[in-house]
There are 2 protein chains.
Amino acid sequence: MRRMTARPANSHQARLLRLLRDGGPNSRAQLGDQVDLSRSKLAVEVDRLLETGLVVADGLAASRGGRRSHNVRLHPELRFLGVDIGATSVDVAVTNAELEILGHINQPLDVREGPVAVFEHVLSMTAKLRASGLADGFDGAGIGVPGPVRFPEGVPVAPPIMPGWDGFPVREALSQELGCPVMVDNDVNLMALGEQHAGVARTVADFLCVKIGTGIGCGIVVGGAVYRGTTGSAGDIGHIQAVPDGRPCACGNRGCLEAHFSGAALARDAVEAARQGLSPELAHRLEANGALSAVDVAAAAAAGDATALELIREGGRSTGQVIAGLVSFFNPGLVVIGGGVTGLGHNLLAAIRTQVYRQSLPLATGNLPIVLGELGPTAGVIGAARLISDHLFSPA
Amino acid sequence: MRRMTARPANSHQARLLRLLRDGGPNSRAQLGDQVDLSRSKLAVEVDRLLETGLVVADGLAASRGGRRSHNVRLHPELRFLGVDIGATSVDVAVTNAELEILGHINQPLDVREGPVAVFEHVLSMTAKLRASGLADGFDGAGIGVPGPVRFPEGVPVAPPIMPGWDGFPVREALSQELGCPVMVDNDVNLMALGEQHAGVARTVADFLCVKIGTGIGCGIVVGGAVYRGTTGSAGDIGHIQAVPDGRPCACGNRGCLEAHFSGAALARDAVEAARQGLSPELAHRLEANGALSAVDVAAAAAAGDATALELIREGGRSTGQVIAGLVSFFNPGLVVIGGGVTGLGHNLLAAIRTQVYRQSLPLATGNLPIVLGELGPTAGVIGAARLISDHLFSPA
DNA sequence: GAGGCTTTGTCCACTCAGTGGAGAAAGTCG
DNA sequence: CGACTTTCTCCACTGAGTGGACAAAGCCTC
């Protein structure tokens, strides 16, 4: 394989590349239906893309009632790397130019081990994917980290849960290691991008994507583009007050959403309930594993454990309380709920919905779907691939 | 005078018109410094604008060390009308093409009288302005209403405080009466536009503009453009819960921000305090006027009345509580506080700041100014003029 | 006030993006 | 096989935009 280095020379070419990425192989004629260019001009730009090698001929298409058209597609050997670093695990995936996942590895890993250790893992996972023959190099990589990022530079800033990463030049370091362009973003933003690209948010311009994992964050999409805020911390809703004078939070305040509901908080509350003898189901599981997680709570609730169910409902209420405010403020066209805790499924969703529909303005909730993400654990890596492909498929 | 009907023919002309609007009279050479066009092309576009009559010659500029340049400016007879309909009063102003206010009238008026009655007032105020010789017609008008608007059509939707207006074709009706293009928006959005154009937010891309008047709303500016949400209700923060299990609100919930702090709530609390004998100052003023408003509370606080001061602080805390959440979520570069209640001045601002800086994330508040609006009651009408001029100064 | 330098404005030949029509090539359908 | 449709290519033409040459009009110094 040989790596592609060319970039689209103008906005038309960029547009065409994205159409081929999102729509798959396509004929000149079909592309022409979508781009508002004369056939002549379109042919010229496609020919130029063929010259660069970004696009290749792909045989003849079926006839639409006349001469059969010559299909073109993105180069089949293009490869993107998507990396999603969570608080407690890492996902690495290889995609083709159409952002289809060709291979995907997940590994538990504590982000607090610091950038150097984490990078070692990421690189060894990458090596494994390469060794399996899916790629012998990458044309671009996207990487998500669980904290705020100064987006233009690709550097984490003051990340609360990953202190050692502050100012670490993630973009530069990874770019050097992989020998390809790299873009860095918050993991929540990448989840939103993923759901927008291939999930439930495909047709919505303005939406929120709430990720409930170890912590809680919210991806904000405005007019189809991720909004990152002035310092890159937009969507950091974990420390919005959900319960006045509530539980103390690591941030120093009380009643933060994250202190009341998140993977960590739920595990803590479950252990507490088990110890207090409130839930035989949870106690049983605690004894078996020595620890509890959202999965245990979900299983207990499914088994009819009232305490577990109440924990989920209570968390949904807190989350819904905060989301209700955001919905009134932002008036989104869709709210996506994702992250590890979504294993709690319908019970959680129902509690959130109830709270939001009760508290937000009717005009804002009137036609507002609140749904679970569709892509599960792959949303992040797809979003990462989408991030870098958006970058590469834009005029140089 | 004769009205201008031409529109810019392309994006260059639109750009030039906006530069002349925001920078005043300017020479071709100076314009060239700002637009990244060759002098030849620039001259062609300026000549075309001169032909349309949108732009006129304006004498010679001072020398910059060589040949003196010929200035051009927007046609001096262009007139925009800015209308700001509040809950309890109406502002109407005439501006020139540079959006400088040439005349401004304010009149108390209850918006609940309905669109027909309000329009009658607006038109008679407009007639007064025309009679004073400031304009004999308008090239465009912007109008703000205190409720959500379906922006593309210029029609209020389900406005809680102005029930009779639901679905009333404001844009069409006013356009017909005035014989010029009209754009309609939420009054809060227009305040944000005004502060962006000529006030404190001139250089900020992403900011929030919180307007505390009879109700409370928030203008959202993303990347320099007003964000309106999916159904036009974005920024409607008056019914976000500020105090759990707090005061009952007209919307049916409890503890809404508006129920705890707004012009209406403050007046209610002040009367209550006066009646309970907690505040001699307020009681005195209540007896004198038969009613109390934010102005009275401000005066009482300034006179050292502890109860009045506490009312302000308490309101600031509630408001700050909600803003803190929005700041964490939105990560703005600036928060502007405006509206009638800003007469409460520094005490209010200090309470809001304290609460926000305490509750929001350090990264989001680190370099975040929270300031009072600069334009006071003229922000709305300037924003209205800006709205229509943005529309007219964009390619047809 | 003459001469040199700078800035501004005008003119013009040239490049290149993009259009739209003509017509060839390659299909389908009856 | 002929009529019709769709796709692709070719080409003349338009119009946007560039950049250089040059004239006009200012400043400054000697």
Side-chain angles (χ1 to χ4, degrees), chain A residues 6-20 23-52 54-74 393-396, chain B residues 6-20 23-52 54-74 393-396:
Chain A
R7 288 277 292 276
N10 57 43
S11 63
H12 298 309
Q13 293 185 12
R15 180 84 199 283
L16 291 170
L17 291 175
R18 291 178 189 213
L19 283 172
L20 290 172
N26 236 319
S27 67
R28 286 170 179 76
Q30 276 178 304
L31 290 171
D33 293 345
Q34 305 173 66
V35 292
D36 198 38
L37 271 182
S38 67
R39 277 170 312 167
S40 338
K41 179 60 178 164
L42 182 89
V44 169
E45 295 300 346
V46 171
D47 286 345
R48 288 183 190 162
L49 285 174
L50 286 166
E51 275 172 38
T52 66
L54 282 168
V55 159
V56 297
D58 189 46
L60 289 168
S63 166
R64 292 201 291 181
R67 176 176 171 176
R68 293 171 65 194
S69 55
H70 294 260
N71 270 354
V72 293
R73 58 169 297 183
L74 293 173
F393 293 170
S394 62
Chain B
R7 287 278 291 277
N10 57 44
S11 63
H12 300 308
Q13 294 186 11
R15 180 85 200 283
L16 292 170
L17 290 175
R18 291 178 189 213
L19 283 172
L20 290 172
N26 235 321
S27 68
R28 285 171 179 75
Q30 278 179 301
L31 290 171
D33 294 343
Q34 304 173 66
V35 293
D36 196 43
L37 271 181
S38 66
R39 278 174 311 170
S40 341
K41 180 59 180 167
L42 183 88
V44 168
E45 296 300 346
V46 171
D47 286 345
R48 286 182 190 164
L49 285 174
L50 286 166
E51 274 172 36
T52 66
L54 283 169
V55 159
V56 298
D58 190 45
L60 288 169
S63 167
R64 292 202 292 180
R67 173 176 174 175
R68 294 170 65 193
S69 57
H70 294 259
N71 271 353
V72 292
R73 59 169 298 184
L74 293 172
F393 292 170
S394 63

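For clarity, every value in this text was computed on a predicted model and none was experimentally measured.
Residues meeting the side chain to side chain contact (heavy atoms under 4.5 Å, CB included) test with Arg39(B), sequence neighbours left out: none. Take Ala9(B) and apply the side chain to side chain contact (heavy atoms under 4.5 Å, CB included) test, not counting sequence neighbours, and it matches Gln13(B). Scanning for salt bridge (charged side-chain N to carboxylate O under 4.0 Å, His left out) contacts around Arg73(A) gives Glu98(A), with sequence neighbours left out. With sequence neighbours excluded, no residue satisfies side chain to side chain donor-acceptor pair (under 3.5 Å) with Arg15(A). Applying the side chain to side chain contact (heavy atoms under 4.5 Å, CB included) criterion to Leu42(B), with sequence neighbours excluded, gives Leu16(B), Arg28(B), Leu31(B), Val35(B), Val46(B). The salt bridge (charged side-chain N to carboxylate O under 4.0 Å, His left out) check on Arg7(B) picks up nothing, with sequence neighbours excluded.
Rounding to whole angstrom units, CG of residue Leu60(A) and P of dT28(C) are separated by 11 Å.
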remark   = 5' to 3', nucleotides 2-12 of chain D under a 4.0 Å protein heavy-atom cut-off (B base, S sugar-phosphate only, - none) gives ---BBBB-B--

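In this structure, Arg48(A) does not pair ionically with Glu51(A), as no charged nitrogen and carboxylate oxygen lie closer than 4.0 Å.
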For nucleotides 16-18 of chain C, tabulate all protein N/O to nucleotide N/O atom pairs closer than 3.5 Å, reporting atom names and distance.
residue, atom, partner, partner atom, Å
dG18(C), OP1, His12(A), NE2, 2.8
dG18(C), OP2, His12(A), NE2, 3.4
dG18(C), OP2, Lys41(A), NZ, 2.8

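Listed by first and then second residue, the salt bridge (Lys or Arg N to Asp or Glu O under 4.0 Å) pairs involving residues 59-70 of chain B are Asp33(B)-Arg64(B) (not counting sequence neighbours).
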